[in-house]
Amino acid sequence: MMFKLIPAALTTLSLFSSVNAWGTLGHKTVANVATQFLLPQTLTSVSSILSADPTKSTTNPTLVDVANWADTYRYTTPGEFSAGFHYVDANDNPPTSCGVEFARDCSGPEGCIISAMWVANVEEHALRSYFETGADSFPIPPTQRVQDGRLTAQNTAEALKFLVHFIGDITQPLHAEALAVGGNDIDVLWNGASNNLHHVWDTEMVTKLAGPDTVANLDAWTGAIVNEIRSGAYASSVSSWLSCSDITQAQACSTAWAMDTNAFVCSYVLNPNPAGQELNGTYYNGAAPIIQMQIAKGRILI
């Protein structure tokens, strides 16, 4: 990754050039696009961490293999504490005004995606062994846990798996919005059938854009996005996407990413009001470029 998220063992990840947001294919694509920019030593570090995980489901897991782990884990008894870490409820006023404020939107004991990734504001939260680093240690976020030598192999792998998934989540506009439960309570139509706005953004439009979750579609969408990053429409934007990349400003940068995502709620997602409307048409045509660009940003942020 280009953004220097993780010191020590995964400092090499900084050589990347960065609710199931984007569905399973979208999260896999974020991970797969990022993987295309890994240097050999980075890939070795990632492989070592994931292969050492005693809970792994395949012999040599990749970032793509674990990209959706956090969504599965949240529905287990040990992982139920993490349900609120997949989003930030921005209490703004869309479509008139949008914005994310850490103190307002992420200060409760349950935390949010920003605190889960960076701040680890979890003193009384039921994070149990995942964030526990010892009685004399303050809990630390996944970005730093990945390189913490005091952790078990499972702890370290979980930190990486959380981080890869949350990067995908933080780029989905309705994962950075509180209104109507992030759009879940906004009824819309998709192909004439009842649906909700959040699900349409999470799944329906991604499926129309890139197809169902198959290896062929993953490879095709990855290739298209990589080309746009290297020499296409996104090439000139990479530097601005990386404008907040100082690990010493972790909270500010992760908040800035959420704000960037949240801005689309005012500029497009809820403007004009999509409630009751058929979204597989003009609305989709405007949303599709936003979706693909946000997936590309995920590669930058990892």
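- Of the candidates T29, N68, V206, T72, T24 forms a side-chain contact (heavy atoms from CB on, under 4.5 Å) with just one, namely N68.
- Checked options V181, V269, L197; the residue passing with I186 is L197 (criterion: side-chain contact (heavy atoms from CB on, under 4.5 Å)).
- For W69 and E158, the side-chain atoms include no donor-acceptor pair closer than 3.5 Å.
- Side-chain polar atoms of D71 and H165 form a donor-acceptor pair below 3.5 angstrom.
- Of the N and O atoms on the side chains of T152 and N155, at least one donor lies less than 3.5 Å from an acceptor on the other residue.
- The closest side-chain donor-acceptor pair between W22 and T171 falls under 3.5 angstrom.
- Judged by distance alone, the side chain of N195 and the main-chain N or O of A193 form no donor-acceptor pair under 3.5 Å.
- Taking the six-membered ring wherever Trp is involved, the centroid distance between the rings of F162 and F85 does not fall below 6.0 Å.
- Panel note: side chain N271, backbone C266; a donor-acceptor pair is recorded below 3.5 Å.
- Inter-residue side-chain proximity for E177 and Y87 is flagged as unmet; no heavy-atom pair is nearer than 4.5 Å.
- Atom CE of M293 has more than 12 heavy atoms from other residues, nucleotides or ligands within 6.0 Å.
- Between the side chain of E101 and the backbone N or O of A103 there is no donor-acceptor pair closer than 3.5 Å.
- Using a 3.5 Å distance cut-off with no hydrogens or angles, the side chains of N262 and D92 do pair a donor with an acceptor.
- N217 contributes a side-chain N or O that, together with a main-chain N or O of P212, makes up a donor-acceptor pair within less than 3.5 Å.
- The heavy-atom pair separating L179 from L270 by the smallest distance is CD2-CD1, 3.6 Å.
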Dump the intermediate steps for side chain to side chain donor-acceptor pair (under 3.5 Å) on D202 and Q172, then the final yes or no.
CA-CA 8 Å; D202 264 1; Q172 208 275 53; 2.7 Å; yes

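- Listed for the E228 side chain is no donor-acceptor partner under 3.5 Å among the backbone atoms of A235.
- Taking the six-membered ring for Trp and thresholds of 30 and 60 degrees, W201 and Y268 have ring planes more than 60 degrees apart, a perpendicular arrangement.
- Between S115 and C106 the shortest heavy-atom distance is OG-SG, 3.5 Å.
- For the side chain to side chain donor-acceptor pair (under 3.5 Å) with K28, the lone residue among T62, D213, T222, D65 that qualifies is D213.
- Judged purely by atom type and a 3.5 angstrom limit, S45 uses its side chain to pair as donor or acceptor with the backbone of Q41.
- Closest heavy-atom contact between A31 and V164: CB-CG1, 4.1 Å.
- If you check the side chains of H86 and D169, you find a donor sitting under 3.5 Å from an acceptor.
- Between the side chain of T76 and the main chain of Y73, a donor-acceptor pair closer than 3.5 Å is present.
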